[in-house]
Amino acid sequence: MFYFIVQRVWFHIKSLPIIYGVYMKFRTDINGLRAIAVMAVVLFHFNPSWVPGGFAGVDVFFVISGFLMTGLIFRGLENNNFSIINFYVARANRIIPALSVVCLALLVFGWFYLTPLDYRTLGKHVASSMGFVSNIIYWRESGYFDAASHSKWLLHTWSLSVEWQFYMIYPVVLVLLKKCMSLTNIKRLLVVGTVVGFIFSVYATYKMPNASYFLFPTRAWEMMMGGLAFLYPLQNLKETSKKYLEWVGIALILASYALISKDNLWPGYLALIPVLGAYLVIIANRSGSVITDNIVMQKVGLWSYSIYLWHWPVVVFGYYFEMQHWEWIGIPISVVLGFCSYKFVESIKFPALSSISFKPIVTFKPLWMVILISVFSVIVQIDNGIYQRLNPNMQVKLKLIEDQTQRPAYDRGCFDYHPVPACTYYDGTKLTNNKPSHILLGDSHGQALVNGIAQSLSALPDYTGLKFYGIAGCLFSENIGGIYGWAKECEQLTKRTIKEINEKYPNIPIIFVSRLSNVILGDNKQSAPIDSFNNYIKLKVDLISTINKLSKDRNIYFLTPTPEFETFIPEYMARNYFLGKNKRVFESVHEYEKRNKLALELLNEVSKNKKVKILDVKPYFCDKNYCYGDDNGIPLYRDDDHVSEYGNKILIPLFNKIS
C-alpha cells in the first residue's frame with residue numbers, strides 16, 4: 001500500500017505542467033481550478049447561451065498563473081539562486097511546443113482549405129502568436145466579441161501573449177527591486193501595485209474597453225492577485241474553514257459565469273468576482289475536495305492548456321464550414337485533441353539550458369520552433385496567401401473578389417482616427433489648392449464613398465473638387481461631445497470645420513455621410529446602451545440645430561445608412577467560391593429597418609428643412625425582401641459595413657442627384 005501511494009504521488013508530481021528546476025508540490029485544488037476555468041471558456045466559445053460569462057475563465061487562469069510564477073520567483077529570490085534566463089527557458093519549454101504544433105497544423109490545413117485572403121490573415125496571426133504579441137494585433141483589428149472573431153483561428157492566443165508579457169516583465173522587476181529593498185517590502189509593494197492595477201483597470205475599461213480587454217496593463221493586477229495568494233497564505237486553517245473558503249470561491253466563479261455576459265464592460269470592477277473567487281480557492285489550499293479533486297476535474301485540469309489551445313480552432317472550423325449543431329461534435333473533438341497534445345507534446349521534457357553560450361542556445365528546440373514557423377507564416381503574409389497554390393481560373397476569380405477589400409490609395413493621409421487636415425478630390429485624384437465646389441462631411445462610411453461621389457460630381461460643368469472633412473465614428477453635430485463622451489474629438493473637429501466652411505466656402509453644397517445608427521445604438525448587432533434613447537433625443541435637437549446653421553445659404557444632402565452585415569463580405573464570398581458553394585450574402589429588409597429605425601426617423605425630422613435633401617441608398621442595395629452584400633459575384637462592401645469601390649459605382653446614379 002505504501003509503495004502504491006508513493007508511486008501515485010510521484011506520478012502527479014511528474015505530470016505537473018509548471019516546472020522550474022525542481023519539482024514542486026502538486027496542488028490538486030489548483031489543477032481542478034484549471035478544469036473549472038477551461039470548461040467555462042470552451043462552453044462559452046461553442047455556445048455562449050450555455051455559459052454567458054464563460055470568458056471569465058481566462059481571468060481564473062491569470063490568477064493561477066500569477067500564483068505559480070510568484071512562487072517560483074520568490075523561492076529563488078529567498079534562496080539567492082533565481083535565474084531569469086532559466087525562468088524564461090522553463091516558460092518556453094512549457095508553452096511553445098504545444099502552441100507550435102497548433103500553429104503548424106493550421107498552416108498545413110490552410111494551404112489546402114483557406115482562400116489566399118484568409119491564409120494571409122492566418123499567416124499574420126500565426127507570426128503574432130509565436131511572437132507573443134497577438135493581443136496587440138487583435139486589439140488593433142477589432143473587438144473580442146465582434147462577428148469577425150469567428151474567422152480568426154488563433155484569437156484565443158491573446159491570453160497567452162498577455163501571460164508571456166507578464167513572464168518577461170515580472171521577474172525582471174522583482175529582481176531589480178531586490179537590489180534596493182527587502183523581500184518584506186517587495187511583498188508590501190505588490191499589495192499596493194495590485195490595488196492600483198485594479199483601479200487603473202476599472203478606469204481604463206470604461207475609457208478604452210477594447211484596448212483594456214486585450215492589453216497587459218489592465219490584466220496584470222489579476223496575475224498579481226494570484227501572487228498575493230502565494231505571498232500571504234492563510235496559516236493553520238481548520239478543514240471546515242478551508243471548505244467554506246473554497247465553496248465561497250467557487251460560488252463567486254460560477255456566479256461570474258452565469259450572471260456576467262459579453263454585454264458587460266470587461267475587465268473592470270466585475271472582473272473582481274472571478275478573480276477573488278480563484279484567489280479564495282487557492283488560499284483555501286484544500287486537498288481532497290469533492291469538487292476539484294475527482295478524476296474528471298484532475299484529468300481535464302492536466303489537459304487544460306492543450307484543450308484551450310485546440311478548442312478555438314475547432315470552433316472556427318465549425319463556423320468556416322457552417323456546421324450545424326457543431327458544439328455537440330466540436331467539444332468532444334477539442335477534448336480528444338487536448339488529450340493527444342498533452343500526452344504526445346506537453347509530456348516531452350525539453351532540457352533546460354546548461355549554460356548561456358552559443359551551443360546550448362542553437363540547440364534549444366523551442367527557439368527553432370518559433371523561428372521556423374514564424375518565417376513561414378511571414379512568407380505566407382508577404383506573398384498574399386500564396387496564390388500560386390491555386391489553379392489560374394481560381395486565382396482570377398478570387399483576386400476580383402479580394403480586390404474589393406482595399407481602401408482607395410489616395411485617401412491615406414487625409415483621414416484617420418484623429419482629426420487631420422481635410423483633402424480635396426477631383427474624380428479620384430487628390431488636389432491641393434483648388435477651391436472646392438462641394439464639401440463632404442463624414443466618418444469612415446463617408447471616406448469609403450469619396451471616390452464614387454467625386455467621380456459622379458466631376459461630370460458637372462462647374463465642378464472644381466470635393467473637399468472631405470472626416471474622422472472615424474464622427475457625426476458632424478456641434479455638441480455631440482456633450483452627448484456621447486467618446487465624441488470629444490468629433491465635437492472639436494465639427495466646430496472647427498463649421499467655422500472654416502462658413503468663412504471660406506459660403507454657398508457650397510454639403511454632403512453628409514454617417515453611420516448614424518452606430519452613433520445612436522452602438523456597433524451592429526450589439527445591445528443598445530441603456531441611455532441610447534435619451535441621447536437620441538438630445539442628438540436630434542443638436543443635429544437639427546447644426547444643419548439649420550449650415551443650410552442658410554446652401555443645399556444639404558444627407559445619405560441614409562447603408563445596410564450592415566454579420567460577416568466580412570469579401571472573405572465570405574471568396575470562401576464560398578473556394579469551397580464550391582454558390583451563396584449570396586443578404587439580410588432581410590426588416591432587419592435593416594429595425595436597425596435603422598431611429599436613424600431614419602431622425603433624417604425625416606432633419607428633412608423638414610427645405611434645404612435638406614435625403615438620398616436613399618436602400619433601393620441600390622435592397623429589393624422588396626432582402627438587402628444584398630454582393631452584385632454579380634462582386635462584393636459591394638470591403639468588410640461588413642463599409643462600401644467597396646465596386647459598391648461606389650453602384651451608387652453613382654444616386655450621387656448624380658447632387659447638384
Side-chain angles (χ1 to χ4, degrees), residues 408 410-411 414-415 422-470 474-477 494 497-516 543-562 599-600 602-622 636 643-659:
Y410 63 77
D411 75 359
C414 304
F415 176 88
C423 291
T424 304
Y425 301 94
Y426 184 90
D427 192 16
T429 304
K430 189 171 71 173
L431 305 176
T432 52
N433 298 319
N434 282 40
K435 182 178 180 180
S437 58
H438 295 75
I439 291 171
L440 172 62
L441 304 180
D443 53 12
S444 60
H445 281 210
Q447 175 267 339
L449 297 176
V450 164
N451 199 20
I453 296 173
Q455 183 177 339
S456 172
L457 295 179
S458 64
L460 297 174
D462 58 346
Y463 178 70
T464 57
L466 174 69
K467 195 170 189 69
F468 174 47
Y469 297 86
C474 180
L475 170 63
F476 283 75
S477 191
T494 298
T497 300
I498 290 175
K499 181 180 179 183
E500 182 174 316
I501 289 173
N502 287 333
E503 291 177 356
K504 293 184 179 180
Y505 310 117
N507 306 314
I508 291 179
I510 295 176
I511 305 151
F512 267 84
V513 179
S514 171
R515 191 182 180 190
L516 195 52
L543 183 59
I544 291 173
S545 172
T546 303
I547 295 294
N548 288 341
K549 288 180 182 178
L550 286 170
S551 63
K552 290 180 180 178
D553 55 358
R554 72 184 88 222
N555 287 329
I556 305 285
Y557 298 88
F558 216 126
L559 268 68
T560 59
T562 54
L600 295 173
L602 176 54
L603 292 182
N604 186 54
E605 290 294 319
V606 170
S607 67
K608 291 178 180 179
N609 182 327
K610 300 302 181 183
K611 292 290 188 73
V612 176
K613 315 294 181 184
I614 304 299
L615 302 180
D616 188 8
V617 305
K618 181 182 167 187
Y620 299 87
F621 291 100
C622 311
L636 295 172
V643 174
S644 67
E645 286 300 284
Y646 182 79
N648 267 270
K649 295 177 182 178
I650 297 294
L651 290 174
I652 283 180
L654 177 66
F655 301 147
N656 287 341
K657 297 178 181 181
I658 301 171
S659 59

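Just so you know, these numbers use all the heavy atoms, side chains as well, and skip hydrogens, waters and symmetry mates.
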- Sort out for me which residue in Val617, Leu440, Leu651, Leu654 forms a side chain to side chain contact (heavy atoms under 4.5 Å, CB included) with Leu449. Leu651
- Note on the structure: Heavy atoms of Ser659 and Pro509 approach each other most closely as O-CG, 3.6 Å
- Could you state the interatomic distance from CD1 (Ile439) to CZ (Phe468), rounded to the nearest 0.5 Å? 12.5 Å
- Message: Can you list everything that forms a ring pair (Phe, Tyr, Trp, His ring centres under 6.0 Å) with Phe476? Sequence neighbours excluded, please.
- Response: none
- Message: The criterion is salt bridge (charged side-chain N to carboxylate O under 4.0 Å, His left out); which residues satisfy it with Lys657, sequence neighbours excluded?
- Response: none
- Residues Leu615, Ile658; criterion side-chain contact (heavy atoms from CB on, under 4.5 Å); working and verdict: CA-CA 9 Å; Leu615 302 180; Ile658 301 171; 3.7 Å; yes
- Query: Quick one: CD on Glu645 to CG on Asn451, what's the gap to the nearest 0.5 Å?
  - Reply: 4.5 Å
- Query: Of all residues at least two apart in sequence or in a different chain, which pass the side chain to side chain donor-acceptor pair (under 3.5 Å) check with Thr560?
  - Reply: Asp616
- Is a side-chain donor or acceptor of Ser444 paired with a backbone partner of Gln447 at a separation under 3.5 angstrom? no
- Message: With side-chain contact (heavy atoms from CB on, under 4.5 Å) as the criterion, how do Phe558 and Leu543 come out once you've worked through the C-alpha distance, each side chain's angles and the decisive distance to 0.1 Å?
- Response: CA-CA 12 Å; Phe558 216 126; Leu543 183 59; 4.3 Å; yes
- Only one of Leu466, Leu441, Ile556 passes side chain to side chain contact (heavy atoms under 4.5 Å, CB included) with Ile511, and that residue is Leu466
- Message: Going by salt bridge (charged side-chain N to carboxylate O under 4.0 Å, His left out), name the residues that satisfy it together with Lys608, two or more places apart in sequence or in a different chain.
- Response: Glu605
- Indicate yes or no: at least one non-hydrogen side-chain atom of Ile508 is less than 4.5 angstrom from one of Lys467. no
- Not counting sequence neighbours, which residues clear salt bridge (charged side-chain N to carboxylate O under 4.0 Å, His left out) with Lys618? List them please. Glu593
- Report the residues that fulfil side chain to side chain donor-acceptor pair (under 3.5 Å) with Lys549, sequence neighbours left out, ordered by chain and then residue number. Glu478
- Query: How long is the span from the CG atom in Leu516 to the CG atom in Leu603, to the nearest 0.5 Å?
  - Reply: 5.5 Å
- Query: Which residues satisfy the ring pair (Phe, Tyr, Trp, His ring centres under 6.0 Å) test with Tyr620, sequence neighbours excluded?
  - Reply: none
- Might you work through the side-chain contact (heavy atoms from CB on, under 4.5 Å) test for Glu500 and Tyr469, ending with a clear yes or no? CA-CA 11 Å; Glu500 182 174 316; Tyr469 297 86; 2.6 Å; yes
- Do the non-hydrogen side-chain atoms of His438 and Ile453 ever get within less than 4.5 Å of each other? no
- pair Ser456-Tyr463: side-chain heavy atoms closer than 4.5 Å: no
- Message: For Gln455 and Asn648: C-alpha separation, side-chain torsions, deciding distance, then whether side-chain contact (heavy atoms from CB on, under 4.5 Å) applies.
- Response: CA-CA 9 Å; Gln455 183 177 339; Asn648 267 270; over 6 Å; no
- Message: Please enumerate all residues that pass side chain to side chain donor-acceptor pair (under 3.5 Å) together with Ser514, with sequence neighbours excluded.
- Response: none
- Item | Residue list, side-chain contact (heavy atoms from CB on, under 4.5 Å) with Asp553, at least two apart or on another chain | Pro506, Asn507
- By side chain to side chain donor-acceptor pair (under 3.5 Å) - contacts of Ser477 (at least two apart): Asp542
- Sorted by chain and number, sequence neighbours left out, side-chain contact (heavy atoms from CB on, under 4.5 Å) with Asn609 holds for Ile547, Asn548, Ser551, Lys611, Val612
- Task: Only counting residues at least two apart or in another chain, list the ones meeting side-chain contact (heavy atoms from CB on, under 4.5 Å) with Ser607.
- Result: Asn604, Ile614
